[in-house]
2 protein chains.
Amino acid sequence: MKTRPYHHGDLRAALLVLAEDTLRERGPAELSLRELAREAGVSPAAPSRHFKTKQALLDALAIEGFDRLITVLAGALEQTGATFAERLSVLTRTYVAFATGNPALLELMFSRKHEPSAPAELIASTHRLMIMATGLLEDGQRRGEVRAGPMIPLAVPLAAVLQGMTDLALSGGFTPDQVELGLTETITFILRGYAP
Amino acid sequence: MKTRPYHHGDLRAALLVLAEDTLRERGPAELSLRELAREAGVSPAAPSRHFKTKQALLDALAIEGFDRLITVLAGALEQTGATFAERLSVLTRTYVAFATGNPALLELMFSRKHEPSAPAELIASTHRLMIMATGLLEDGQRRGEVRAGPMIPLAVPLAAVLQGMTDLALSGGFTPDQVELGLTETITFILRGYAP
DNA sequence: TAACAATGTAGGCAACGCTCACAATGTGTT
DNA sequence: AACACATTGTGAGCGTTGCCTACATTGTTA
């Protein structure tokens, strides 16, 4: 008779996978460390070895989400043309697609990053995202497709539109069809807004 | 010796006020019905007479928030000029000001409205907000300041920008100063985007 | 192989949301 | 004025949770 080994093997990874499942299906509020432990077939106190608090687990999940998002965005940008119009369109659509594909994850990623207690790595992740956006704009300026001006204020509208589009896609009063329609409109909207 | 009366008087209202205080100071996750009961000087089970579940209390708080927001926006629009540029600017600034003034409330208002279990009144509130936005745009179209086109896709960018700006103001990687700078930029950005 | 770090278990504490039976208070009817 | 009834609060308790501490087991390394 095979008995379960004393050590799990890779509890940390297993917890993250299980956590994302229940996060996707039932939201972050329903996530319980004890329940995760049960599903992983481990004692209630075991998860604390890997995540000191529940918040630490959520933070880890959010960081993982940022990594995936950034990878997806970078990959999409690599396979597209050089014009600002194209790159902006791809970035926006990819971003929104990721958001609709991982709604709970995205909500988690952005819901807590403002807390002072947020780990440095989480804050760094949002900066990486911001750098992608400003990089795109600077490139557009060099190509003459984006009007001149200091970067920070110029980046705000783009960040706002991206953030806002995901909110609408996830939780706004719009259907997915309406979002898709609005997305095209929004992209031309942004392009007009940034045109010199 | 004056003894506390058996009935509170207006427990429901008192709970809402207390709830908003702790919401503002410690966020929705830290809100505890039992603690509210303690602060109101009432037994732990008493709040359930007015809010069957904790979620019901949060919903009530969100609805109240929408009412206040809509009132503030309508008031601001009444005291401004008739041009689309002016009205849009006032709407955006007022919206963002409300958001920065009531960050936790706003987060609550928009964090849960997508749940299928959201009460009808909450959903209706978001529609009222949307109607204000589309009304502004239709007015702009009539004045020739907004390009023609069907309303729904046209409204998406505006809704996205408003929503996104509040996110940035509350939780984004921007300081309040940067948001203020970016706000001006964003308004001209929107105007360019909507121009015929 | 012996010390040590890492990882799991067992048990328990305080707090929470929620429910139920019951008590006190207000309201409307006769 | 007295009664019935709905409203609103109480008291006790159930099951669950996050987290803590002490201890057991396993893996690693000197």
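The basis for the numbers below is simple: all heavy atoms, side chains too, and nothing from hydrogens, waters or symmetry mates. Lettering of chains follows the sequences in order, A, B, ..., and the numbering in each one begins at 1.
For A/A46, the side-chain atoms get nearest to C/dT9 when compared with the rest of C/dT19, C/dT9, D/dT8. For A/R34, the side-chain atoms get nearest to C/dG12 when compared with the rest of D/dT10, C/dG8, C/dG12. The side chain of B/V42 approaches D/dT10 more closely than any other nucleotide in the set C/dT9, C/dC18, D/dT10. Set against D/dG18, C/dG8, C/dG17, the side chain of B/L33 has C/dG17 as its closest nucleotide. Closest to the A/A45 side chain, of the nucleotides C/dG11, D/dT17, C/dG17, is C/dG11.
OP1 or OP2 of D/dT17 has at least one side-chain nitrogen or oxygen of A/R38 nearer than 4.0 Å. Between B/T53 and the phosphate of C/dG17, there is no side-chain N or O to OP1/OP2 separation shorter than 4.0 Å. For D/dT7, neither phosphate oxygen OP1 nor OP2 lies less than 4.0 angstrom from any side-chain nitrogen or oxygen of B/H50.
The backbone N or O of B/V96 sits less than 3.5 Å from a side-chain atom of B/T100, completing a donor-acceptor pair. Put simply, the side chain of A/E145 never gets that close to the backbone of A/L191: no donor and acceptor are under 3.5 Å apart. The closest donor-acceptor contact from the side chain of B/T71 to the backbone of B/D67 lies under 3.5 Å. When atom types are taken as modelled, the side chain of B/Y95 and the backbone of B/L69 share no donor-acceptor pair closer than 3.5 angstrom.
Residue contacts shown for B/L36 are absent, as no nucleic acid heavy atom lies under 4.0 Å away. Nucleic acid contact class of B/L57 (heavy atoms, under 4.0 Å, all strands): none. Within 4.0 Å (heavy atoms only), A/S32 reaches sugar-phosphate atoms of the nucleic acid but no base atom.
When rounded to the nearest whole Å, the span between CZ of B/R26 and C1' of C/dA15 equals 13 Å. Rounded to an integer number of Å, the gap from B/K52 NZ to D/dT7 C1' is 15 Å. Taking atom CZ on A/F51 and atom P on C/dT7, their separation rounds to 12 Å, with Å as the unit. What separates CZ of A/R49 from P of D/dT21 is a distance of 11 Å, to the nearest Å. Here the P atom of nucleotide D/dT16 and the CG atom of A/L31 are 17 Å apart, to the nearest Å. In this structure, the CG atom of B/L11 is 14 Å from the C1' atom of C/dT25, given to the nearest Å. For the pair A/E30 CD and C/dC16 P, the interatomic distance rounds to 18 Å; values are reported in whole Å.
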Distance-only donor-acceptor hits, side chain of residues 76-83 of chain A, under 3.5 Å, sequence neighbours excluded:
from: A/T83; atom 1: OG1; to: A/E86; atom 2: N; distance (Å): 3.1
from: A/T83; atom 1: OG1; to: A/E86; atom 2: OE1; distance (Å): 3.0

